[in-house]
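Here the structure is laid out as structure tokens; the discussion comes afterwards.
Note that the coordinates shown come from a computational prediction; the quantities given were computed from them, not determined experimentally. Values below: all heavy atoms of this structure, side chains included; hydrogens, waters and symmetry mates excluded. Below, chain A is the first sequence line, B the second, and so on; all start at residue 1.
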2 protein chains.
Amino acid sequence: MIRQHSRGRHQRARRAYNTPPKEAPAQSANGKPNIIRPIYQKPSFSRFKNDDLKLKIAVLGGLEEVGRNCTLFEYDGDIILVDMGLQFPEEDMPGIDYIIPNIGYLKGKEKNIRGVIITHAHYDHIGGIPHLIPALGYPPIYGLPLTNAIIKKRQEDYRGLRPLNIHNINVADKLQLGNFELEFFHLNHNIPDSMGVVIRTPEGVVVHTGDWKFDYQPAGEQPADLQRIASIGSQGVLALLSDSTNASSPGHQISESEIRTNLDDIIAKAPGRIIIGTFSSLLSRIKQIIEISEKLGKVVALDGFSMKSNVAIAKELNYMRFSPKTLIDLNRTRDYPDNKVVIVCTGAQGEKNASLMRIASGEHRLIELTPGDTVVFSSSVIPGNERTVQRLKDTLFRKGAEVIHYQMMDVHAGGHAKADDVKLMIRLLSPKYFIPIEGNHFLLHYNAKVAESMGFPKENIFIADNGQVMEFFRGAGQLTRTKLPADYVFVDGLGVSDETNIVLRDRQVLAEDGMIVVIATVDSKTGKLVQNPDIISRGFVFLKENKELIEDLRHRVKKLVTDSDPLSWADTNNIRNKIRDYVGQFLFSKTEKRPMVLPVVIEV
Amino acid sequence: MIRQHSRGRHQRARRAYNTPPKEAPAQSANGKPNIIRPIYQKPSFSRFKNDDLKLKIAVLGGLEEVGRNCTLFEYDGDIILVDMGLQFPEEDMPGIDYIIPNIGYLKGKEKNIRGVIITHAHYDHIGGIPHLIPALGYPPIYGLPLTNAIIKKRQEDYRGLRPLNIHNINVADKLQLGNFELEFFHLNHNIPDSMGVVIRTPEGVVVHTGDWKFDYQPAGEQPADLQRIASIGSQGVLALLSDSTNASSPGHQISESEIRTNLDDIIAKAPGRIIIGTFSSLLSRIKQIIEISEKLGKVVALDGFSMKSNVAIAKELNYMRFSPKTLIDLNRTRDYPDNKVVIVCTGAQGEKNASLMRIASGEHRLIELTPGDTVVFSSSVIPGNERTVQRLKDTLFRKGAEVIHYQMMDVHAGGHAKADDVKLMIRLLSPKYFIPIEGNHFLLHYNAKVAESMGFPKENIFIADNGQVMEFFRGAGQLTRTKLPADYVFVDGLGVSDETNIVLRDRQVLAEDGMIVVIATVDSKTGKLVQNPDIISRGFVFLKENKELIEDLRHRVKKLVTDSDPLSWADTNNIRNKIRDYVGQFLFSKTEKRPMVLPVVIEV
């Protein structure tokens, strides 16, 4: 059973919050003292006056998808945000680069934003920053050093922006942001410097996990700080917002050290070159590959701009340690025997133009596949990419390479908590409310089921939609019906737009059945056709094979226009609509297709 | 080690083949005697004269995909085909219904086709029949009774075709088709009447498995006939063509009887209605659901046209036995308590318009989801459908239903051999050559690896492409470089076409960046613009947000035409190309998008 929190406990928590901490600042992990930054302190007289004194939580992105994570906390005019990510587009969003959180609610409230906390440096947590931070007036960003370094590096891709107002924190720091007092704790994921956030509010303590797993034997970083988490829990937690990505899988997430054994085996036994495809942001994995290779006397070449820059950052900040001789330039791999060469590259999801795709298609500037090469897919396939990855594997096999995927040998460890990890987190923190985040709706449900299965009261689990407001007041939480704006905001070559839906819908129609342009040139005075209608189609039917159909259509459009009352030409919309309806119906009756019909009337 | 076949053995096999069988016809499973149908007997003098006397095998479809299975066997002017399936389109083939095998090689050879053998009634083995059999001049089709009944039912959807020349065989039958003597053996899959084909040729015995698994305890049908397979193997097998779909998974495929326990549990424990989504062709599963429900005193309603007709056929042919009271009409489910109702429907892959999709979206005529309903996904997700299925699950959860997928509880048994099944088949048949079929290229490789792992000589494994000819002569096989036509043949609302590629490419371009139509109306005599160019775009940019861009473009096109030499108007192609190039470059420089540019020049 979950321990129920009494109102008294939360009141104690509130009192404790109002009193400045008496204990001397503890030593943080790296020996520096904790810091409290009193950036903004709300005058206390405003307390308990009105509805603003409820704690509001709304997840702006990440409750209906994997990606564009962003959670808003608001109390008495103070706002903080946790994470600001992007989501990669769905397959029905052609031409879209990515989707970012909707910040419509924050318009006019920019001044209230006390800070943006970033839990770790993955794109689904940092990718919205270049677009949203300027729109929000450059509020301060707080993150651990690696996180911030990667954010800053990425920001360089966006010219003409002001420098970010970004601050390194230490995991042992405390941070005062208006009514919110923040602490942090170390968690494992598959990038170093991943952290959970403890948000002490006047209404109680809320914990946001970011992406996490418990790794008792991580590779080259500290295990998650279980004692710290337990201690937070023993002080009373109002609500836990926790990662749902992998909660539907039973058991504990596999440890990075188990992967190490696997990877070690593959790298040691490969008869020739090894080409490992992974994400440029999967720094824990890349770190392991470099370390194993060094131990085996092999050299490593990185391919992919962001991978190189991420490794450079991690090396500079001492998250990776290896001999300068181990990392070589890609154009130097030929100076080494094949069985001494490890190439780590991007594109394991079959991304167009990524390194692995170019290697496979023979378009890579420096790497040509030969029999004897071993290609390792060291990341799981993101739903939606399966077929592309299958085709990539086909091509690699055709080139004579050996292909190893995680299905065959476990070279993949998820970075996300599985069911038993979720249970342990809940036991350690004993939250009163459980709020599954980070996942499609069905993943939130599965995460909720994990909590329910251990007796967590169902009514204290909030499965919310993006933007749906949760309110907490005097120890009681409520999933309200209020929804902040949460519609898709698209980013493409042209910039940011939340009005792209109509364009996307057009693209979907065009993709499905193509289009047909019908051009009627008429005399503006008489309304009579000057010449036969022109008909152009693309993506609809193969015109050469369907000449008759098109001739028939041309004839019918001619008749339609000729038969129309010339008076109706006063309104060209009228005749255009007539043509559109008529042509659409005619083509459907003949082909069962519904191409987009574009009627053009030219008056001369 | 694999036993190597001596030439002598194959010559014995050939002799044996030339001699009419002496033994009295054995009794077949259902008590009828075997039948030999001497449909066509090639005169023997033509033997050993030329290259035609090699045995040719070419897989026309199914070596680069899961689907459109079709294998050609040719010897001395005699041709037989095994299976004639369809493939569902890839995600980059919008508007395509499906893809069928390319029969280009058979043009002019229609008279040589002695028969088409169908191994079982799944669409990836029968789906090409309505389109290809007429084109081939209605050659005779041979299949087991359930297979044929489903083929004939499906044929009714295609009006105006001649009746099929289709013949029921019994699994114990022998069939003489020109130079080929055929036998069959029972295998398990997830539809009854699945069989392997033994093709006795003058060059030796070839075995084609169709889709298969070994199920030692199948649900309501016979286990695969291991003794028969062993006996075929002991007589010497030249080549084995075997299913690759699941060969990359270790171990044995799970038995349908294990699934039964799982399904039983789910159906017994569900607190309210159960809605089970599956394939209409997964008859073994549907059979189990009906039997379990009957045993538990529940009623079953089927939803989906093909599911109903398949069950009707299976019931009529005695493949399913249940009380007439168990199966009820969908509109009668309300007459029963919720916990007595099981609904089996199509759409577990998230197919548009399928039953489960309509139930989820609230558009179903008869079924409205309510909390308490349990929705079971009883089929694995086909690669490419993952996101659609995720969204379907989201919707179901939102409606308050419980959702059970095979990841959570194994309600799915694959119908395909896993690695250990493949090994057993190879040991039983001891083929000289191993030819992985039915799968993407990488799946064929994994299947080959299974054989290699047990010592099968690598040079005797043929990983071919669609259409690639394998030749067998005097016991020796060769994977030649000859390729029969194997390009995609598309089927859509308009019929069959292998020239749809250009239309598809257009659709892809349209889907990615949309299109822009630029219309210049010019005086045919002077070549001067009569009015400002018209510009229409769809799926490109949101016009209201980009008025400036369009105005700029209009202005530039005007200038381009005005500046052009009027003499060049003799060739309107010239100015059209100019506009296309110019507009394309201009828009890319401004937007990094490459919409399809359609320049139209109207001369008045």
Indicate the ring-plane relationship of B/Tyr446 and B/Phe442, choosing parallel, tilted or perpendicular according to the 30° and 60° boundaries. perpendicular
Pair count under 4.5 Å, heavy atoms only, with chain A: among B/Val389, B/Ile463, B/Asp465, highest is B/Asp465
Side chain to side chain donor-acceptor pair (under 3.5 Å) with A/Glu64: which residues, sequence neighbours excluded? none
What part of A/Gln531 gets closer than 4.5 Å to chain B, counting heavy atoms only: side chain, backbone, both or neither? side chain
Test item: A/Arg554 and A/Ile550 side chains (from C-beta on) under 4.5 Å apart, heavy atoms: yes
Verify the distance criterion only: is there a donor paired with an acceptor across the side chains of B/Glu438 and B/Asn447 at less than 3.5 Å? no
Whatever's closer than 4.5 Å to a heavy atom in chain A on B/Glu402 counts as side chain
Residues at least two apart in sequence or cross-chain that pass side chain to side chain donor-acceptor pair (under 3.5 Å) with A/Thr521, listed by chain then number, are none
Heavy-atom distances under 4.5 Å only: say whether B/Ile519 touches chain A with side chain, backbone, both or neither. side chain
So what's closer than 4.5 Å to chain A heavy atoms on B/Asp534: side chain, backbone, both or neither? side chain
So which residue, B/Val517, B/Leu598, B/Val530, B/Leu443, ends up with the most heavy-atom pairs under 4.5 Å with chain A? B/Leu598
